Amino acid sequence: KHIHNGKLNLTAIICCNDYMGIGAMRALKKAGIRIPADVSVIGHDNSVGKYTIPALTTIDFNGSEMAASAVKILLERIKNPGKETQKLLFSPRLIIRDSTGPAIVD
């Protein structure tokens, strides 16, 4: 569907996690599609992408920092049940590796 007359009709694939990114890269390679020359691939979670060839660009959501903060807030709420709910904002971090190339603008 995304290959027309032997040409790929997309420039990037963004995956839900690094493992899906690895699967996408494997399927693209099997189809003879070059990464990142023909298509860029991005994962999410920064779990295993640094170990792939090419290394997978990923978005790190700071999962361990979020978990530690959640435990800290939960323990504080157990000690002080009437305490007001806290809201925290975590910023994701883009980790650019070898699976992405420059944007293609037609």
Side-chain angles (χ1 to χ4, degrees):
K1 174 176 173 178
H2 294 289
I3 298 176
H4 182 69
N5 293 332
K7 183 172 180 177
L8 197 60
N9 288 334
L10 55 92
T11 59
I13 298 173
I14 301 173
C15 301
C16 295
N17 58 50
D18 283 3
Y19 287 101
M20 292 180 84
I22 291 168
M25 290 196 307
R26 183 175 177 169
L28 291 165
K29 183 176 180 178
K30 189 174 184 179
I33 298 167
R34 301 169 299 154
I35 304 163
D38 298 327
V39 65
S40 293
V41 180
I42 300 174
H44 283 84
D45 73 21
N46 192 29
S47 60
V48 293
K50 64 184 170 188
Y51 303 111
T52 63
I53 298 173
L56 180 65
T57 293
T58 190
I59 298 172
D60 187 349
F61 285 100
N62 301 314
S64 58
E65 184 182 345
M66 285 193 286
S69 295
V71 169
K72 183 178 176 182
I73 290 169
L74 178 61
L75 292 173
E76 185 63 33
R77 289 291 302 261
I78 290 170
K79 288 181 189 176
N80 302 303
K83 187 174 180 176
E84 189 174 318
T85 302
Q86 289 182 293
K87 293 181 184 178
L88 299 176
L89 179 64
F90 294 89
S91 297
R93 181 173 57 112
L94 176 63
I95 301 172
I96 299 172
R97 295 191 179 118
D98 302 328
S99 68
T100 51
I104 300 170
V105 182
D106 288 332

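All values below come from the heavy atoms of this structure, side chains included, with hydrogens, waters and symmetry mates left out. Note that the coordinates shown come from a computational prediction; the quantities given were computed from them, not determined experimentally.
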Visitor: Near Arg26 CZ, under 6.0 Å, is it more than 12 heavy atoms from other residues, nucleotides or ligands?
Guide: no
Visitor: How many angstroms lie between CG in Asp18 and OH in Tyr51, if you round to the nearest 0.5 Å?
Guide: 11.0 Å
Visitor: Just how far is it from atom CG of Asn17 to atom CG of Asn46, taken to the nearest 0.5 Å?
Guide: 12.0 Å
Visitor: If you look at every heavy atom in Leu56 and Val41, which pair is closest and at what distance?
Guide: CD1-O, 3.6 Å
Visitor: From Asp98 CG over to Ile35 CD1, what is the distance, rounded to the nearest 0.5 angstrom?
Guide: 11.0 Å
Visitor: Between Gly101 and Pro36, what is the shortest heavy-atom contact and its length?
Guide: N-CB, 3.5 Å
Visitor: Distance-only, no hydrogens or angles: does the Ser40 side chain make a donor-acceptor pair with backbone N or O of Ala12 under 3.5 Å?
Guide: no
Visitor: Take Ile73 and Leu88 through the side chain to side chain contact (heavy atoms under 4.5 Å, CB included) test and state the conclusion after the steps.
Guide: CA-CA 10 Å; Ile73 290 169; Leu88 299 176; 3.5 Å; yes
Visitor: Determine which pairs satisfy salt bridge (charged side-chain N to carboxylate O under 4.0 Å, His left out) with at least one residue from residues 80-92, sequence neighbours left out, and list them in order.
Guide: Glu76-Lys83
Visitor: Can Met20 be reached from Ile14 by stepping across I, L, V, M, F, W or Y side chains whose heavy atoms are under 4.5 Å apart?
Guide: no
Visitor: So, taking the atom named CD1 in Ile22 and the one named CD1 in Ile53, what distance separates them when rounded to the nearest 0.5 Å?
Guide: 11.5 Å
Visitor: To check you understand the geometry: which heavy-atom pair defines the closest contact between His44 and Phe61, and what is its length?
Guide: CD2-CE1, 3.2 Å
Visitor: What distance separates Thr11 OG1 from Asp38 CG, expressed to the nearest 0.5 Å?
Guide: 11.0 Å
Visitor: Between Thr57 and Ile42, is there a donor-acceptor pair closer than 3.5 Å when you use the side chain of the first and the backbone of the second?
Guide: no
Visitor: Can you tell me how far apart OG1 (Thr58) and CD1 (Ile95) are? Round to the nearest 0.5 Å.
Guide: 6.0 Å
Visitor: According to salt bridge (Lys or Arg N to Asp or Glu O under 4.0 Å), who are the partners of Arg93, at least two apart in sequence or on a separate chain?
Guide: Asp60
Visitor: Can you confirm whether Met25 sits close enough to Ile13 that some side-chain heavy atom of one is under 4.5 Å from a side-chain heavy atom of the other?
Guide: no
Visitor: Taking all non-hydrogen atoms of both residues into account, name the closest pair between Asp45 and Ser47 and its distance.
Guide: OD1-OG, 2.7 Å
Visitor: Nearest heavy-atom pair of Lys50 and Ala55: which atoms, and what distance?
Guide: O-CB, 4.3 Å
